[in-house]
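To keep things clear, I will list the structure first and then write my remarks on it.
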Amino acid sequence: MPLSPRGDGPAGSLVLVHGDEPFLIDRAVAQLVSGWRAGLTNPMNDEVYRAPAGLDDLRLSLATPAFLDDHRVILVWDPPACLAAGRRPADAPRLVQALEARDPSTAVCLAVHSQVPATNPVLVHTRRAGEVRALARPRGRGLDAHLDSELRARGLHLPSAARPRLRAIAAVDLGQLDQEMEKLSVAAGPEGRLDAGTADALIADGGRSEIYHLTDAIVEHPELALRHLADLDRRRAAPAALLVASLGRWLRELVQLHARVARGMPFDRAAAGRPPWMAAKLERQVRQTDPDALAGALEQLADLDWAIRTGEVEPQLGLQAFVAGLTGGGAAPQPAG
């Protein structure tokens, strides 16, 4: 197989995927790397690094030639050299040196869940030696264009009344939009058409979609969590009972995933059966939380549920206090150490 240093094929490819929309990053990386992995027979030629603090192991892997296959695949998630926070001055130049010394048979994907500055040495090197893909969260007309693209990709022809609901979901969570599209595609069948009643029954209501925004913010953007809760209350998008149930389901899921990972189960198996966008999001949240803190929060939520049902606590005030307790000081249930 001829080498392809511009990222057009596996051997020698170098691609940096970055941006402010996690779902788009995760999907683009999954599509790219799955193509690269096609045909690999030796598992040693397929390696994944997650936020590597040191570069010694990665440098050695980059320099290792493929064995029994014509190329190797290395996926590096969120290398510190590409992040604004926690980066040391020498990180980026050292990663560039490691990339420059990589074996010609090695294909590398750098995946970053944030915008990498144009002046970052890693981005500058990748643009010169490979390919840079910047994926920003669509807004305004870009959101409409994204929705149109998703509908075309699935061959869906929906009633006009369905569009505002899908757009509202897209404005909150593109991963949730993807899940709704998959559900609609199955129901629409080969012709890709649904009547208004069926589409309305299948598309999740906006309140449930926005609850995802709240739970995501508790871990990933705690300073925004109370604002999302207030928005849900102001627009009456979700009753208190639904919020309590949704928060409880989310906390239990994270606790269960923590337990499976602690027993040595790989995360892809621990999260089996979930859509890829949801599994990726849950994996990030598991890495950022402490299981004991989550279990404690689940007990507090059970007490709050009882207090709301018996009238001891006004629902919205109780939920505000609960979310504030989780995110006080800008920190959701954080990992120990």
Which heavy-atom pair separates [X] from [Y] by the least distance, and what is that distance?
{"X": "Leu123", "Y": "Pro117", "result": "CD1-O, 3.9 Å"}
{"X": "Pro93", "Y": "Ala90", "result": "CD-O, 3.3 Å"}
{"X": "Ala51", "Y": "Pro80", "result": "C-CD, 4.0 Å"}
{"X": "Ala28", "Y": "Leu135", "result": "CB-CD1, 3.6 Å"}
{"X": "Asn120", "Y": "Cys82", "result": "ND2-CA, 3.9 Å"}
{"X": "Ser114", "Y": "Leu83", "result": "OG-CD2, 3.7 Å"}

Pairwise side-chain contact, [X] with [Y], heavy-atom cut-off 4.5 Å (strictly under):
{"X": "Leu24", "Y": "Pro138", "answer": "yes"}
{"X": "Leu32", "Y": "Arg133", "answer": "yes"}
{"X": "Arg59", "Y": "Gln97", "answer": "no"}
{"X": "Pro79", "Y": "Val112", "answer": "yes"}
{"X": "Asn45", "Y": "Arg37", "answer": "no"}
{"X": "His146", "Y": "Leu174", "answer": "yes"}
{"X": "His18", "Y": "Val122", "answer": "no"}
{"X": "Val108", "Y": "Leu75", "answer": "no"}

Charged N-O contact under 4.0 Å between [X] and [Y]:
{"X": "Asp20", "Y": "Arg137", "result": "no"}
{"X": "Arg227", "Y": "Asp231", "result": "no"}
{"X": "Arg27", "Y": "Glu150", "result": "yes"}
{"X": "Arg141", "Y": "Asp144", "result": "no"}
{"X": "Arg154", "Y": "Asp178", "result": "yes"}
{"X": "Lys281", "Y": "Asp216", "result": "yes"}

Has the side chain of [X] got a donor or acceptor atom that lies under 3.5 Å from a matching backbone atom of [Y]?
{"X": "Lys183", "Y": "Ile203", "value": "no"}
{"X": "Arg165", "Y": "Asp200", "value": "yes"}
{"X": "Arg260", "Y": "Phe267", "value": "no"}
{"X": "Glu314", "Y": "Gln316", "value": "yes"}
{"X": "Gln288", "Y": "Arg284", "value": "yes"}
{"X": "Ser149", "Y": "Ala145", "value": "no"}
{"X": "Ser246", "Y": "Leu243", "value": "no"}

Practice item. State which residues pass side chain to side chain contact (heavy atoms under 4.5 Å, CB included) with Ala225; sequence neighbours excluded, sorted by chain then number. Key: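 If we apply the side chain to side chain contact (heavy atoms under 4.5 Å, CB included) test to Ala225, skipping adjacent residues, the hits are Leu214, Ala217, Ile218, Val323, Thr327.
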Does [X] have more than 12 heavy atoms from other residues, nucleotides or ligands lying within 6.0 Å of its [atom1]?
{"X": "Arg167", "atom1": "CZ", "result": "yes"}
{"X": "Met265", "atom1": "CE", "result": "yes"}
{"X": "Glu100", "atom1": "CD", "result": "yes"}

[Y] and [X] side chains, donor-acceptor separation under 3.5 Å:
{"X": "Gln285", "Y": "Trp250", "result": "yes"}
{"X": "Asp69", "Y": "Asn42", "result": "no"}
{"X": "Asp26", "Y": "His113", "result": "yes"}
{"X": "Thr106", "Y": "Asp103", "result": "no"}

Practice item. Check the pair Phe322, Val244 against side chain to side chain contact (heavy atoms under 4.5 Å, CB included), reporting the backbone distance first and the verdict last. Key: CA-CA 10 Å; Phe322 177 74; Val244 170; over 6 Å; no
Separation of [Y] [atom2] from [X] [atom1] (nearest 0.5 Å):
{"X": "Leu147", "Y": "Leu156", "atom1": "CG", "atom2": "CG", "answer": "10.0 Å"}
{"X": "Leu301", "Y": "Trp306", "atom1": "CG", "atom2": "CH2", "answer": "15.0 Å"}
{"X": "Ser61", "Y": "Leu55", "atom1": "OG", "atom2": "CG", "answer": "12.0 Å"}
{"X": "Leu184", "Y": "His157", "atom1": "CG", "atom2": "NE2", "answer": "13.0 Å"}
{"X": "His258", "Y": "Asp292", "atom1": "NE2", "atom2": "CG", "answer": "9.5 Å"}
{"X": "Leu224", "Y": "His221", "atom1": "CG", "atom2": "NE2", "answer": "7.0 Å"}

Check your understanding: Mind checking whether Val15 and Val48 sit in one hydrophobic cluster, side chains of I, L, V, M, F, W, Y counted as touching below 4.5 Å?
Key -> yes
Check your understanding: Going only through I, L, V, M, F, W and Y residues with side-chain contacts under 4.5 Å, is there a path from Val124 to Leu62?
Key -> no
Check your understanding: Step by step, would you call Thr64 with Arg72 a side chain to side chain contact (heavy atoms under 4.5 Å, CB included)?
Key -> CA-CA 9 Å; Thr64 301; Arg72 304 181 71 242; 4.1 Å; yes
Practice item. Quick one: do Arg139 and Glu21 satisfy salt bridge (Lys or Arg N to Asp or Glu O under 4.0 Å)? Show the steps, please. Key: CA-CA 11 Å; Arg139 293 174 174 84; Glu21 174 47 54; over 6 Å; no
Review point. What do the steps show when you test Leu110 against Trp77 for side chain to side chain contact (heavy atoms under 4.5 Å, CB included), and what is the final call?
Key: CA-CA 6 Å; Leu110 306 171; Trp77 288 103; over 6 Å; no
**Study point:** Test side chain to side chain contact (heavy atoms under 4.5 Å, CB included) applied to Leu166 and Leu158, step by step
**Key:** CA-CA 10 Å; Leu166 289 173; Leu158 302 180; 3.6 Å; yes
